[in-house]
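FYI, side chains are in, hydrogens and waters are out, and symmetry mates aren't considered; it's all heavy atoms of this structure.
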Amino acid sequence: MIEKILLLGDPKLYEISLPVDEYEVELLRPDTELLHKLILAIKEKYGFGRGIAAPQIGVMKRLVCLDLDKRYTLFNPVLSNLSKDMFDLWDDCMSFPNLHVKVSRHRSCTLTYRDENWEEQIWELDGDLSELLQHEVDHLDGILATMRAVDKKAFKAV
């Protein structure tokens with residue numbers, strides 16, 4: 001199943017995703033279910049994974065799935081109120097599971113999105129959740145962690 005995840009270098013990973021329209025929520029349900037299953041499959045194989053973005057399976061829509069304390073499906077997520085306070089971390093990604101990249105992320109931000117019922121949700125994020133959603137929203141904009149590396153030595157094989 002994890003072979004459905006596009007890997008580093010695939011041109012689709014660098015494309016900007018299109019917004020989801022309300023009528024597409026039901027049409028995207030099979031993709032949403034696949035994304036949620038892929039999070040669990042990556043966790044089982046590699047021991048990490050909390051979120052995945054639709055472009056990582058070639059679906060060029062602004063859709064992110066999370067597996068935290070429960071399952072979340074985020075349509076058209078938008079980040080705002082990015083803090084000036086930053087922190088560095090070794091980022092992992094399902095599209096390059098054997099590579100970590102040191103990146104700098106905003107310590108806190110606000111996330112606005114539509115849920116599976118098309119209701120607007122606002123989520124104040126900090127720390128690891130802030131970092132996670134910055135990573136996933138970057139995927140929707142065709143940006144990979146490799147493009148945010150803090151320097152030329154910010155890569156390590158795992």
Side-chain angles (χ1 to χ4, degrees), residues 2 4-21 24 28 31-32 34-43 46-68 71-115 120-158:
I2 61 175
K4 294 180 187 273
I5 298 174
L6 303 181
L7 297 177
L8 184 63
D10 190 299
K12 283 241 176 255
L13 292 173
Y14 305 100
E15 293 179 18
I16 296 173
S17 297
L18 298 171
V20 175
D21 289 321
E24 293 176 297
L28 289 167
D31 297 311
T32 301
L34 175 59
L35 290 165
H36 282 292
K37 287 177 184 173
L38 285 168
I39 294 171
L40 300 177
I42 287 288
K43 271 187 192 179
Y46 293 101
F48 76 88
R50 298 175 295 159
I52 188 168
Q56 291 179 269
I57 60 167
V59 175
M60 306 313 296
K61 285 293 189 173
R62 299 189 79 77
L63 163 63
V64 169
C65 292
L66 304 175
D67 182 21
L68 304 171
R71 283 173 39 148
Y72 294 88
T73 302
L74 318 176
F75 296 102
N76 303 326
V78 175
L79 296 174
S80 61
N81 302 320
L82 299 165
S83 68
K84 291 181 183 175
D85 187 22
M86 307 285 284
F87 69 106
D88 290 350
L89 72 142
W90 287 100
D91 202 359
D92 52 36
C93 182
M94 295 180 190
S95 290
F96 39 92
N98 296 308
L99 177 70
H100 284 176
V101 182
K102 192 174 209 177
V103 299
S104 189
R105 298 282 189 193
H106 299 275
R107 188 160 306 278
S108 64
C109 62
T110 302
L111 176 73
T112 305
Y113 66 95
R114 297 272 177 180
D115 65 17
E120 185 175 84
Q121 303 292 328
I122 298 174
W123 201 356
E124 297 299 328
L125 305 171
D126 61 17
D128 65 331
L129 286 180
S130 175
E131 175 275 318
L132 172 63
L133 271 300
Q134 290 170 68
H135 176 106
E136 300 306 338
V137 171
D138 271 355
H139 273 298
L140 304 180
D141 294 328
I143 299 168
L144 302 179
T146 53
M147 299 159 73
R148 293 210 184 270
V150 295
D151 60 36
K152 292 180 181 180
K153 296 181 183 177
F155 301 89
K156 68 178 177 181
V158 291

- Task: State whether R148 and D91 are salt-bridged, where the test is any N-O pair (Lys NZ or Arg NE/NH1/NH2 against Asp/Glu carboxylate O) under 4.0 Å.
- Result: no
- Considering only NZ, NE, NH1 and NH2 on the basic side and carboxylate oxygens on the acidic side, decide whether R62 and E24 come within less than 4.0 Å. no
Measure the spacing between [atom1] of [X] and [atom2] of [Y] and express it to the nearest 0.5 Å.
X: S108; Y: L125; atom1: OG; atom2: CG; result: 9.0 Å
X: D10; Y: I5; atom1: CG; atom2: CD1; result: 12.0 Å
X: L38; Y: K4; atom1: CG; atom2: NZ; result: 8.0 Å
X: R50; Y: K43; atom1: CZ; atom2: NZ; result: 9.0 Å
X: K153; Y: K102; atom1: NZ; atom2: NZ; result: 12.0 Å
X: S130; Y: H106; atom1: OG; atom2: NE2; result: 8.0 Å

Is any side-chain heavy atom of [X] closer than 4.5 Å to a side-chain heavy atom of [Y]?
X: L144; Y: V101; value: no
X: T73; Y: Y113; value: no
X: V59; Y: L35; value: no
X: L133; Y: L66; value: yes
X: M94; Y: I39; value: yes
X: F155; Y: T146; value: yes
X: D88; Y: S104; value: yes
X: L28; Y: F75; value: yes

Nearest non-hydrogen partners of [X] and [Y], listed with the distance:
X: L13; Y: Q56; result: CD2-CA, 3.9 Å
X: P77; Y: V64; result: CG-CG2, 4.1 Å
X: L140; Y: A53; result: CD2-CB, 4.0 Å
X: G51; Y: L132; result: N-CD1, 4.2 Å
X: A145; Y: V103; result: O-CG1, 3.6 Å

- Taking side-chain contact (heavy atoms from CB on, under 4.5 Å) as the test, write out the residues that go with M60, two or more places apart. K12, E15, S17, P55
- Query: Between F48 and Y46, what is the ring plane arrangement, given parallel below 30°, perpendicular above 60°, and tilted in between?
  - Reply: tilted
Is the backbone N or O of [Y] less than 3.5 Å from a side-chain atom of [X], with the two atoms forming a donor-acceptor pair by type?
X: S95; Y: L6; answer: yes
X: S83; Y: R107; answer: yes
X: N76; Y: V20; answer: yes

- In terms of heavy-atom contacts, does CD1 of I16 have more than 12 from other residues, nucleotides or ligands at under 6.0 Å? no
